[in-house]
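In what follows, a single structure is set out as structure tokens and then discussed.
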Amino acid sequence: LTGGIASGKSTVSAMIKSQGVPVLCADELARAAVDPGKPAYKKIVRAFGRRVLNKDKSINRARLGAVVFTSETKRKKLERIVHPEVIRELKKSIGNLRRRGKKAVVLDIPLLFEERLDRLCDKVIVVYAPEKKMKKRLKKRNALSGKEIKNRIASQIPIEAKKKRADFVIDNSGPLFKTGLQVEKLLHQLK
């Protein structure tokens, strides 16, 4: 499961999870990977300095984001630190679910295509919302400036390109109940 930033991936993931399908969220794994004491945490502090830390020494994600989304070089550096940890945890979790007899698992990965992780998947679902709607949601959700929003959206493959590469598309540009109906239909198809 992928899509653009603020396209509604978390909303769709929650709907899928509510139907009893396990969902592994790469963003949650990435947050855990940068906890104090973890290898990625130490590498981030070395690479970006103590200015990206909160008073309690945890990573200040907003400050780190302000640093990395202004420079592709810095963003790539962060990705080289965090993504291998996330991939390792994803593979470990998938193996655990298989051993427990789970027939399907949804991987919620914002950078699925960018990191070529679609190779881990049998099918790809793209949560779609037009870029204009994503910008509006991002501004409301994160209170970012226009330039910050532009930088974050530009750091990903355009949503229209992701949509073309999908096996299934959930259009999340309308009311939530319509998104929910699409999710139910998709899960029925996949079962």
Side-chain angles (χ1 to χ4, degrees), residues 1-45 47 52 54 56-62 64-65 68 75-128 141-142 152 155-157 159 162-163 165-170 172 179-180 182-191:
L1 178 84
T2 194
I5 189 167
S7 62
K9 293 178 301 299
S10 297
T11 299
V12 171
S13 283
M15 290 175 177
I16 291 170
K17 202 181 286 187
S18 75
Q19 298 295 314
V21 178
V23 176
L24 299 175
C25 177
D27 281 348
E28 289 172 12
L29 295 173
R31 280 190 282 279
V34 301
D35 282 345
K38 299 278 180 87
Y41 172 88
K42 294 172 187 173
K43 291 175 185 175
I44 289 169
V45 174
V52 300
N54 291 312
D56 68 357
K57 305 291 188 238
S58 62
I59 300 286
N60 182 309
R61 293 173 57 84
L64 181 59
V68 301
R75 182 176 52 80
K76 293 284 186 194
K77 181 185 263 188
L78 178 64
E79 289 172 356
R80 282 191 304 273
I81 293 170
V82 178
H83 290 177
E85 299 296 324
V86 172
I87 292 166
R88 194 172 3 271
E89 285 301 315
L90 277 172
K91 288 179 177 179
K92 182 175 149 187
S93 297
I94 291 167
N96 289 339
L97 288 165
R98 280 188 179 143
R99 281 189 289 285
R100 289 181 21 219
K102 297 295 179 182
K103 302 268 188 239
V105 61
V106 172
L107 308 178
D108 178 344
I109 306 176
L111 300 176
L112 183 79
F113 294 124
E114 291 84 348
E115 294 299 318
R116 289 183 247 126
L117 294 174
D118 52 317
R119 69 183 189 272
L120 294 175
C121 306
D122 296 311
K123 299 289 181 194
V124 174
I125 305 163
V126 168
V127 179
Y128 174 81
R141 181 181 81 188
N142 295 62
R152 291 185 187 211
S155 73
Q156 297 183 348
I157 291 173
I159 189 65
K162 287 183 179 187
K163 187 177 173 184
R165 293 175 67 178
D167 295 299
F168 303 99
V169 176
I170 300 288
N172 190 35
T179 302
Q182 293 173 73
V183 169
E184 284 180 28
K185 182 179 175 184
L186 173 61
L187 291 177
H188 181 74
Q189 273 183 277
L190 291 173
K191 287 178 183 176

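In what follows, every heavy atom counts, from backbone to side chain, and hydrogens, waters and symmetry copies are set aside.
- Put simply, the side chain of F113 does not reach to within 4.5 Å of the side chain of Q156, judged on heavy atoms.
- Looking at every heavy atom in both residues, L107 comes nearest to C121 through CD1-SG, 4.1 Å.
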Starting from the C-alpha separation in whole Å, work towards a yes-or-no answer on side chain to side chain contact (heavy atoms under 4.5 Å, CB included) for V105 and V21. CA-CA 6 Å; V105 61; V21 178; over 6 Å; no
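- A donor-acceptor pair under 3.5 Å is formed between the side chain of K162 and the backbone N or O of G3.
- In this structure, CD in E89 is found 4.5 Å from NZ in K92, a value given to the nearest 0.5 Å.
- Contact of the I157 side chain with the R165 side chain is registered, since non-hydrogen atoms from C-beta on lie closer than 4.5 Å.
- Separating the CD1 atom in I16 from the CD atom in Q19 is a distance of 9.5 Å, to the nearest 0.5 Å.
- Using a 4.5 Å heavy-atom cutoff, the side chains of L24 and L97 are in contact.
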Could you walk me through whether E115 and E79 pass the side chain to side chain contact (heavy atoms under 4.5 Å, CB included) check? CA-CA 9 Å; E115 294 299 318; E79 289 172 356; 3.6 Å; yes
One pair to check against side chain to side chain contact (heavy atoms under 4.5 Å, CB included): T179 and V12. What are the steps and the verdict? CA-CA 8 Å; T179 302; V12 171; 3.8 Å; yes
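- Listed here is the closest heavy atom pair of E114 and P110: OE1-O, 3.8 Å.
- Using modelled atom types, no side-chain atom of K17 and backbone atom of P22 make a donor-acceptor pair closer than 3.5 Å.
- Atom CZ of R116 and atom CG of D118 lie 9.5 Å apart (nearest 0.5 Å).
- When all heavy atoms of L1 and S13 are compared, the closest pair comes out as CD2-OG, 3.1 Å.
- At least one side-chain heavy atom of F168 sits under 4.5 Å from a side-chain heavy atom of Q189.
- For R141, the CZ atom counts as densely surrounded, since its 6.0 Å shell holds more than 12 non-hydrogen atoms of other residues, nucleotides or ligands.
- In this structure, the separation between OG1 on T11 and CD1 on I170 is 12.0 Å, given to the nearest 0.5 Å.
- Under the 4.5 Å side-chain criterion, counting only non-hydrogen atoms from C-beta, Y128 is in contact with I159.
- Looking at every heavy atom in both residues, E85 comes nearest to A40 through CG-CB, 4.1 Å.
- Note that the NZ atom of K103 and the CG atom of L190 stand 15.5 Å from one another [nearest 0.5 Å].
- A distance of 6.0 Å separates CZ of R31 from CD of E28, quoted to the nearest 0.5 Å.
- Counting heavy atoms from C-beta outward, L117 and H83 have side chains that stay 4.5 Å or more apart.
- No side-chain heavy atom of V169 sits under 4.5 Å from any side-chain heavy atom of I125.
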For side chain to side chain contact (heavy atoms under 4.5 Å, CB included), just list the numbers for D35 and Y41, CA-CA rounded to whole Å, side-chain angles, deciding distance to a tenth of an Å, and then say yes or no. CA-CA 6 Å; D35 282 345; Y41 172 88; over 6 Å; no
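- Atom CG of D56 sits in a crowded spot, with more than 12 heavy atoms from other residues, nucleotides or ligands closer than 6.0 Å.
- For the pair K77 and A47, the tightest heavy-atom approach, listed with the atom from each and the gap, is CD-CB, 3.8 Å.
- A heavy-atom distance below 4.5 Å is not found between the side chains of T2 and V127.
- Listed here is the closest heavy atom pair of S7 and N172: O-ND2, 2.9 Å.
- Put simply, the side chain of S93 never gets that close to the backbone of L90: no donor and acceptor are under 3.5 Å apart.
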